[in-house]
Novice: 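Sharing a structure, written as structure tokens. Questions coming.
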Amino acid sequence: MVVDYSSPNMAKQMHVGHLRSSIIGDTLANLFAFLGDEVIRQNHIGDWGTQFGMLIAYLEEMGEDGRGSLSDLEQFYKDAKGRFDADKAFADKSREYVVKLQGGDVHCLHLWENFIDKSLGHCEEVYSKLGVNLTREDVRAESSYNDELAGIVTALDDKGLLTLSDGAQCVFLEGDEHPFIVQKSDGGYLYATTDLAAIRHRVHTLGADRISYVVDARQAGHFRQLFAVARQAGFAKPDTRLEHVSFGMMLDKSGRPFKTRDGGTVKLIDLLEEAVIHAKEAITSREDYSDEELERIAEIVGIGAVKYADLSIHRDSNYIFDWDKMLSFEGNTSLYLQYAYARIQSILRRHEGEVSGAITLTTDPERALALKLLQLEDMLHRAAAESLPHYITTYLYELATLFMKFYETSPILKDDVDETTRQSRLQLSILTAETIRQGLGLLGIGVLDRL
RNA sequence: GCGCUCGUAGCUCAGCUGGAUAGAGCACUCGCCUUCUAAGCGAGCGGUCUCAGGUUCGAAUCCUGACGGGCGUACCA
């Protein structure tokens, strides 16, 4: 199966809006793979379009080796746009470069490749910090389908699906007010065309029997049409499962789309750095760690908190972005789970000798914990069937809560605990720790032996 | 206008596809560290599940309508 997620635009820096697709998609890909599916990750990056003419013209001006100028893509884009608006000659050159680029001009292609490479490098930096398992091998850029677009339109025509309307090639779907446009009146193709080419490639070349698109809910209409057309055209087979794994938007406290104070977008890398700083402050006040240790723990705790805050919410709902909540360490948070894990590791460190023997359940806390442990597999299948990552977080939180109660009521290493009970409780603790570790692992969140 | 989606405690959210007195966290009030990590645990406070009908033995959950929020509505992605 194919999971299509993240899909950043190469012209812009990744901002908080890209967070959800990246981590929801990654979690689902991890989950499907864990359950035994053959998963092909696809990062359908946006690397084509008119703005690239402007960007490569500006890159050329700045000197293409000038890495400094590209270190902040957001600023680079703004500067390029400023040049474009202010300087007519530059604007003309930008338009000329778009045409040359699309015509395969070597010089422009070289500039463009350089630009994409740098931009993708920024994304990879974010993926690495986020613990998202996307590599260059998963990248299948929009532009890579360019040569197939004409063939897509021809194939639709052969099927008798096309109608010329106002000069544009359209597929009219029954019951839809608007058609699915695959070729503009000026002859240009659209992302709808590219998406069709991508489906055909995924089904017929990659052999996908299920394709999950992790894209925000605003594009629901597009995907509904895309899937219908893909089936009618035979790009997808009748039994190919196509699904739009939609998710809601990030809103601010007053319920409007989330922006910074000055109306800009919050860069993802800044959010992550902020989270690590916050985690560092919280950790420092608690215990003495070496600088190295502090850095490592803050990274795992801080990034985990951000990811968990997002993944623990039903993906369909719009959610309110709140620094305090996102960086919170109380209640249903990643730290609670990491804390439970660390407590167990502490017990295991103190215990000397082997752990063996049967698990015997005699008390209510033991039974409740064991019962929850047994529900893991069922939960994972439900999460996969519905593509809902928050089932995992809810489960882990419930598990950790039950462990905390067990921990409070059920001594393990105390002198007055008999050996049979001790072994049983150790086994329960180990199973709990392993379940938390694996569960958080699916979310791409790490655990710590000490906290 | 039409379409999609959401409306559950003061706030942020769950609610396993129709089952028993609707659950958490935060906030607020109390209590628990000489014994395995108090970033924890226990107790309390707090909801006519937006409203009105309907289906059902049974509805937060399904259907219809109203009200309210968000999003989308052909040649951007």
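Residue numbers start from 1 in every chain, and the chains themselves are labelled A, B, ... in the order their sequence lines are given, proteins ahead of strands. Being a predicted model, the structure only gives us computed values, none of them experimental.
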Novice: Using the C1' atom as the point on both nucleotides, what is the distance between B/rC41 and B/rG25, in whole Å?
Specialist: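 To the nearest whole Å, 15 Å.
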
Novice: Could you please name the option among B/rG40, B/rC13, B/rC71 that lies closest to any side-chain atom of A/E408?
Specialist: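 Nearest to the side-chain atoms of A/E408, counting from C-beta on, is B/rG40.
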
Novice: With sugar-phosphate meaning primed atoms plus P, OP1 and OP2, does A/S410 contact a base, only sugar-phosphate, or nothing at under 4.0 Å between heavy atoms?
Specialist: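 A/S410: base contact, heavy atoms under 4.0 Å.
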
Novice: Can you tell me which nucleotide in B/rU73, B/rC13, B/rA39 comes closest to the side chain of A/H178?
Specialist: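 Nearest to the side chain of A/H178 among the choices is B/rU73.
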
Novice: Nearest of B/rA74, B/rA27, B/rA14 to any side-chain atom of A/E330?
Specialist: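 So the side chain of A/E330 is nearest to B/rA27.
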
Novice: Heavy-atom nearest nucleotide on RNA chain B for A/K405 versus A/K325: which residue maps closer to 5'?
Specialist: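 This one resolves to A/K325.
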
Novice: Tell me which nucleotide, if any, is Watson-Crick or G-U wobble paired with B/rG72 when both distances must be under 3.5 Å.
Specialist: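 Paired with B/rG72, as far as the under-3.5 Å criterion goes, is B/rC2.
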
Novice: Counting side-chain heavy atoms from C-beta on, which of B/rC76, B/rA74, B/rC16 comes nearest to A/C170?
Specialist: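 Looking only at side-chain atoms, A/C170 lies closest to B/rA74.
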
Novice: Looking only at side-chain atoms of A/E142, point me to the closest of B/rC36, B/rA74, B/rA77.
Specialist: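 When the side chain of A/E142 is considered, B/rA77 is the closest of B/rC36, B/rA74, B/rA77.
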
Novice: Quick one: label A/D449 by what it contacts on the DNA or RNA (base, sugar-phosphate, nothing), any heavy atom closer than 4.0 Å.
Specialist: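 If one applies the 4.0 Å heavy-atom cut-off, A/D449 turns out to touch a base.
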
Novice: Take a 6.0 Å sphere around CG of A/D186 and say whether it holds more than 12 heavy atoms from other residues, nucleotides or ligands.
Specialist: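 Yes - once you tally the heavy atoms of other residues, nucleotides and ligands closer than 6.0 Å, there are more than 12.
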
Novice: Identify whether any heavy atom of A/S185 sits under 4.0 Å from a base atom; if not, whether one sits that close to sugar-phosphate; answer base, sugar-phosphate or nothing.
Specialist: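 Base contact - A/S185 has a heavy atom under 4.0 Å of at least one base atom.
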
Novice: Distance check, C1' atoms only: B/rA24 and B/rG47, in whole angstrom units.
Specialist: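 Nearest-Å result for B/rA24 against B/rG47 at atom C1': 14 Å.
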
Novice: Would the number of heavy atoms belonging to other residues, nucleotides or ligands and lying under 6.0 Å from CZ of A/R367 be above 12?
Specialist: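 Yes - once you tally the heavy atoms of other residues, nucleotides and ligands closer than 6.0 Å, there are more than 12.
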
Novice: Is A/R343 near enough to B/rA38 that one of its side-chain N or O atoms lies under 4.0 angstrom from OP1 or OP2?
Specialist: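 Yes.
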
Novice: State which residue, out of A/E273, A/E299, A/E295, fulfils the salt bridge (charged side-chain N to carboxylate O under 4.0 Å, His left out) condition with A/K280.
Specialist: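 Among A/E273, A/E299, A/E295, the one that satisfies the salt bridge (charged side-chain N to carboxylate O under 4.0 Å, His left out) with A/K280 is A/E295.
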
Novice: Quick one: which of B/rC16, B/rU35, B/rC71 gets closest to the side chain of A/K414?
Specialist: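 Shortest atom-to-atom distance from the side chain points to B/rU35.
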
Novice: Quantified in whole Å, what is the P atom distance between nucleotide B/rC49 and nucleotide B/rG53?
Specialist: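 These two P atoms come out 13 Å apart once rounded.
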
Novice: At 4.0 Å (heavy atoms only), tell me whether A/Y336 reaches a base, stays on the sugar-phosphate, or touches nothing.
Specialist: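 Sugar-phosphate contact only.
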
Novice: Give A/I313 one of three labels, base, sugar-phosphate or nothing, depending on what nucleic acid heavy atoms sit under 4.0 Å from its own.
Specialist: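 Result for A/I313 = sugar-phosphate.
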
Novice: For A/E398 and B/rC16, what is the distance between atoms CD and P respectively, to the nearest whole Å?
Specialist: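 Going from CD in A/E398 over to P in B/rC16 covers 11 Å.
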
Novice: Check the distance between B/rG72's C1' and A/H244's NE2 and give it to me in whole angstrom.
Specialist: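 Atom NE2 in A/H244 sits about 12 Å away from atom C1' in B/rG72.
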
Novice: Report which part of the nucleic acid A/A217 touches: base, sugar-phosphate, or nothing (heavy-atom distance under 4.0 Å, all strands).
Specialist: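 The residue A/A217 makes no contact with any strand.
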
Novice: Can a salt bridge be assigned to the pair A/R200 and A/E148 using a cut-off of 4.0 Å between side-chain N and carboxylate O?
Specialist: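 Yes, A/R200 and A/E148 are salt-bridged.
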
Novice: For A/Y77 versus A/A11, what's the shortest heavy-atom pair and its separation?
Specialist: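 In this case the closest contact between A/Y77 and A/A11 is CD1-O, 3.4 Å.
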
Novice: Counting the atoms with a prime plus P, OP1 and OP2 as sugar-phosphate, which does A/D166 contact under 4.0 Å by heavy atoms, base, sugar-phosphate, or nothing?
Specialist: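 Since a base atom lies under 4.0 Å of A/D166, the category is base.
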
Novice: When we call it a touch if two heavy atoms are under 4.0 Å apart, what does A/H351 touch: a base, just sugar-phosphate, or nothing?
Specialist: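 It contacts nothing in the nucleic acid.
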
Novice: If you compare every side-chain N and O of A/S246 against the phosphate oxygens of B/rC71 (OP1, OP2), does one of them come in below 4.0 Å?
Specialist: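 No, outside the criterion.
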
Novice: Tell me whether the side-chain N/O atoms of A/R422 come closer than 4.0 Å to OP1 or OP2 in B/rC36.
Specialist: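 Checking A/R422 against B/rC36: no side-chain N or O falls below 4.0 Å of OP1 or OP2.
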
Novice: Checking one value: the base orientation of B/rC33, syn if chi is within 90 degrees of 0, otherwise anti.
Specialist: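 Base orientation: syn.
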
Novice: Look at all strands and tell whether A/H222 reaches a base, only sugar-phosphate, or nothing, counting heavy atoms closer than 4.0 Å.
Specialist: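 A/H222: no heavy atom of the nucleic acid under 4.0 Å.
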
Novice: Tell me: OH of A/Y407 to C1' of B/rA39, nearest whole Å?
Specialist: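 Atom OH in A/Y407 sits about 13 Å away from atom C1' in B/rA39.
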
Novice: Would you measure the distance from the C1' atom in B/rG23 across to the matching atom in B/rU61 and give it in whole Å?
Specialist: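 Looking at atom C1' only, B/rG23 and B/rU61 are 15 Å apart.
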
Novice: Could you check whether the side chain of A/T401 and the base of B/rA24 have a donor-acceptor pair of N or O atoms closer than 3.5 Å, going by distance alone?
Specialist: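 Check fails, no donor-acceptor contact within cut-off.
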
Novice: For B/rA77, take OP1 and OP2 only and decide whether either is under 4.0 Å from a side-chain N or O of A/Y189.
Specialist: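 No, A/Y189 has no side-chain N/O under 4.0 Å of OP1/OP2 on B/rA77.
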
Novice: Given 3.5 Å as the limit, does a donor-acceptor pair link the side chain of A/W112 with the main chain of A/D47, or not?
Specialist: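 At least one qualifying donor-acceptor pair exists.
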
Novice: Heavy atoms from C-beta onward define the side chain here; which of B/rA14, B/rU35, B/rU37 lies closest to that of A/R450?
Specialist: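 Looking only at heavy atoms from C-beta outward on A/R450, the closest nucleotide is B/rU37.
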
Novice: How should the glycosidic conformation of B/rU17 be described, syn or anti, under the criterion that syn lies within 90° of 0?
Specialist: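 Syn conformation for B/rU17.
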
Novice: Can you tell me the distance, in whole Å, between the CG atom of A/L451 and the P atom of B/rU37?
Specialist: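 Atom CG in A/L451 sits about 13 Å away from atom P in B/rU37.
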
Novice: Quickly work out the A/L335 CG to B/rG40 P distance and round it to whole Å.
Specialist: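 Atom-to-atom, A/L335 to B/rG40, this comes out as 8 Å.
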
Novice: Among A/R41, A/R202, A/R210, find the one that has a salt bridge (charged side-chain N to carboxylate O under 4.0 Å, His left out) with A/D4.
Specialist: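 Output: one option passes, namely A/R202.
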
Novice: Classify the side chain of A/Y191 and the base of B/rA77 as holding, or not holding, a donor-acceptor pair under 3.5 Å.
Specialist: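 A donor-acceptor contact between them is present.
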
Novice: B/rC36, OP1 or OP2 - any side-chain N/O from A/S346 closer than 4.0 Å?
Specialist: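 Checking B/rC36 against A/S346, no side-chain N or O comes under 4.0 Å of OP1 or OP2.
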
Novice: The side chain of A/L190 is closest to which nucleotide in this list: B/rG70, B/rC76, B/rG15?
Specialist: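 In terms of side-chain proximity for A/L190, the closest of B/rG70, B/rC76, B/rG15 is B/rC76.
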
Novice: From the list B/rC36, B/rA39, B/rA74, which nucleotide is the closest neighbour of the side chain of A/F172?
Specialist: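 Output: B/rA74.
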
Novice: The side chain of A/Q219 lies closest to which of these nucleotides: B/rA77, B/rC41, B/rG70?
Specialist: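 Per side-chain heavy atoms of A/Q219, the pick is B/rA77.
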
Novice: Checking the side chain of A/K307 only, and the main-chain atoms of A/G444 only, is there a donor and an acceptor separated by less than 3.5 Å?
Specialist: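 Side chain of A/K307 to backbone of A/G444, a donor-acceptor pair under 3.5 Å: yes, one is there.
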
Novice: Under 4.0 Å, counting only non-hydrogen atoms across every strand here, what does A/T194 touch: a base, just sugar-phosphate, or nothing?
Specialist: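 No contact.
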
Novice: Provide, to the nearest angstrom, the distance between the CZ atom belonging to A/R224 and the C1' atom belonging to B/rU5.
Specialist: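 That distance rounds to 14 Å.
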
Novice: For atom C1', what is the distance between B/rG44 and B/rU48, given to the nearest Å?
Specialist: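 Rounded to whole Å, the distance is 23 Å.
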
Novice: Could you give the distance separating B/rU17 and B/rC71 at their C1' atoms, to the nearest angstrom?
Specialist: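 Here B/rC71 and B/rU17 have their C1' atoms 25 Å from each other.
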
Novice: Taking all heavy atoms of A/L380 and all of A/L35, pick out the closest pair and write down the distance.
Specialist: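 It is O-CD1, 3.8 Å.
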
Novice: Taking atom C1' in both B/rA52 and B/rC57, what distance in whole Å separates the two?
Specialist: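 These two C1' atoms come out 23 Å apart once rounded.
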
Novice: Taking the C1' atom of each, how far is B/rU8 from B/rA14, in whole Å?
Specialist: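 Nearest-Å result for B/rU8 against B/rA14 at atom C1': 10 Å.
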
Novice: Round to the nearest Å and state the distance from A/R315 atom CZ to B/rC6 atom P.
Specialist: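 The answer, rounded to whole Å, is 11 Å.
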
